[in-house]
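A short worksheet on the structure shown next.
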Amino acid sequence: MTVEARIRREIEARIHSGEWKPGHRIPFEHELVGIYGCSRATVSKALGGLAKDGLIERRRKAGSFVAHPQVHSAVLEVPDLAQVIAARGEDYRWRLTDRRLADSAGDVPLPALLVEGVHFGGGEPFALEHRSIALAAVPDAEQESFADQPPGTWLLEHVPWTAARHRIRAVEASAPEAKALGLRPRGACLELDRTTWRSGQIVTRVRQLFRGDRYDLVAEFRP
């Protein structure tokens with residue numbers, strides 16, 4: 001086995017075992033040169049291969065870090081973000097930031113419940129959520145605090161939907177959004193605007209803003 005292959009194998013093993021978690025700094029190149037007794041070019045090539053495979057992120061002047069796993073979701077599904085993140089081996093957490101009766105809710109008929117919060121994966125912000133729930137369609141939602149369970153999870157468990165519409169686009173995060181997501185100002189995000197219906201009646205409309213480096217949407221087609 002070459003030194004390059006050994007470096008890659010041992011770093012991969014630490015990542016896959018969970019010893020080095022997402023965000024962990026990999027030893028600097030000069031440190032790896034000392035550890036493995038090889039040239040800097042060999043170390044750089046090994047790290048480049050790991051970065052190409054999506055296991056690490058190389059940041060100029062800052063070093064290399066274990067990458068956050070990219071989360072994939074099917075375009076034609078309504079995913080439960082708690083399950084999606086947990087399936088990637090990351091700890092999931094929801095933080096409620098606002099819950100109130102809405103004065104207006106766009107195309108969601110009043111009375112409507114407004115719920116806002118942040119989804120976390122691996123201890124870091126993953127997505128912002130702004131959701132309106134039609135209380136005429138889901139009256140039980142008014143009694144839920146959504147402090148411990150995100151509204152999307154609760155709705156999937158309690159209210160079967162019969163139709164959904166997605167609107168997806170790339171956007172730049174506003175200053176408050178970037179701060180909440182841990183991004184630089186105007187950082188790249190994926191915005192998903194989804195409305196779901198049950199028997200022709202709107203159930204909920206949600207706007208979710210995802211970090212562009214941690215989420216993509218995938219669909220498979222067959223003729």
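This one's a predicted model, so the numbers in the text were calculated from it and none came from an experiment.
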Original post:
With under 30° as parallel and over 60° as perpendicular, where do the rings of Y92 and H119 fit, or are they tilted in between?
Top reply: tilted
Contact between [X] and [Y] at the side-chain level, heavy atoms closer than 4.5 Å - yes or no?
X: T196; Y: L155; result: no
X: E142; Y: L101; result: yes
X: V203; Y: W161; result: no
X: H24; Y: E19; result: no
X: F146; Y: L113; result: yes
X: R169; Y: V171; result: yes
X: H158; Y: D140; result: no

How many angstroms lie between atom [atom1] of [X] and atom [atom2] of [Y], to the nearest 0.5 angstrom?
X: C38; Y: I7; atom1: SG; atom2: CD1; answer: 4.0 Å
X: H30; Y: I35; atom1: NE2; atom2: CD1; answer: 9.5 Å
X: L110; Y: S132; atom1: CG; atom2: OG; answer: 9.0 Å
X: E129; Y: F210; atom1: CD; atom2: CZ; answer: 8.0 Å
X: I56; Y: R25; atom1: CD1; atom2: CZ; answer: 12.0 Å
X: D107; Y: I202; atom1: CG; atom2: CD1; answer: 4.5 Å

**OP:** Validate the cation-pi geometry between R59 and F65: distance from NZ or CZ to the six-membered ring centre under 6.0 Å, angle to the ring axis within 45°.
**Re:**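 Judged by the rule (NZ or CZ under 6.0 Å from the ring centre, within 45° of its axis), R59 counts as positioned above F65.
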Hydrophobic clustering (ILVMFWY, side-chain heavy atoms < 4.5 Å, transitive) - are [Y] and [X] grouped together?
X: V206; Y: L190; result: no
X: F120; Y: L183; result: yes
X: I11; Y: V3; result: yes
X: V33; Y: L47; result: yes
X: V138; Y: W197; result: no

Original post:
Are there more than 12 heavy atoms of other residues, nucleotides or ligands under 6.0 Å from atom CG of D148?
Top reply: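 No.
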Original post:
Around R186, counting heavy atoms of other residues, nucleotides and ligands shown, do more than 12 lie under 6.0 Å from its CZ?
Top reply: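 At most 12 heavy atoms, drawn from other residues, nucleotides or ligands, come within 6.0 Å of this atom.
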Subject >> Residue of the set R211, R184, R207 for which salt bridge (charged side-chain N to carboxylate O under 4.0 Å, His left out) holds with E177 >> reply: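 Passing option: R207.
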Indicate the atoms forming the closest heavy-atom contact of [X] with [Y], along with that distance.
X: F126; Y: I85; result: CD2-CD1, 3.6 Å
X: R205; Y: D193; result: NH2-OD2, 2.8 Å
X: E12; Y: L50; result: CG-CD2, 3.5 Å
X: A141; Y: R99; result: O-NH2, 3.8 Å
X: V66; Y: K21; result: CB-O, 3.3 Å
X: L128; Y: A180; result: CD2-CB, 3.8 Å

Original post:
Hey, mind stepping through R58 and I26 against side chain to side chain contact (heavy atoms under 4.5 Å, CB included) and telling me if it holds?
Top reply: CA-CA 9 Å; R58 305 185 77 183; I26 307 296; over 6 Å; no
Subject >> Electrostatic pair R100-D98, nearest N-O below 4.0 angstrom >> reply: yes
**OP:** Verify side chain to side chain contact (heavy atoms under 4.5 Å, CB included) between S39 and K45, making sure each step is shown before the conclusion.
**Re:** CA-CA 10 Å; S39 69; K45 191 172 180 181; over 6 Å; no
**OP:** Please test L114 against H130 for side chain to side chain contact (heavy atoms under 4.5 Å, CB included), starting from the C-alpha separation and ending with a verdict.
**Re:** CA-CA 7 Å; L114 172 66; H130 177 107; 3.3 Å; yes
**OP:** For side chain to side chain contact (heavy atoms under 4.5 Å, CB included), just list the numbers for W94 and L81, CA-CA rounded to whole Å, side-chain angles, deciding distance to a tenth of an Å, and then say yes or no.
**Re:** CA-CA 10 Å; W94 158 258; L81 290 184; over 6 Å; no
Original post:
Do side-chain atoms of T42 reach the backbone of E4 as a donor and acceptor pair under 3.5 angstrom?
Top reply: no
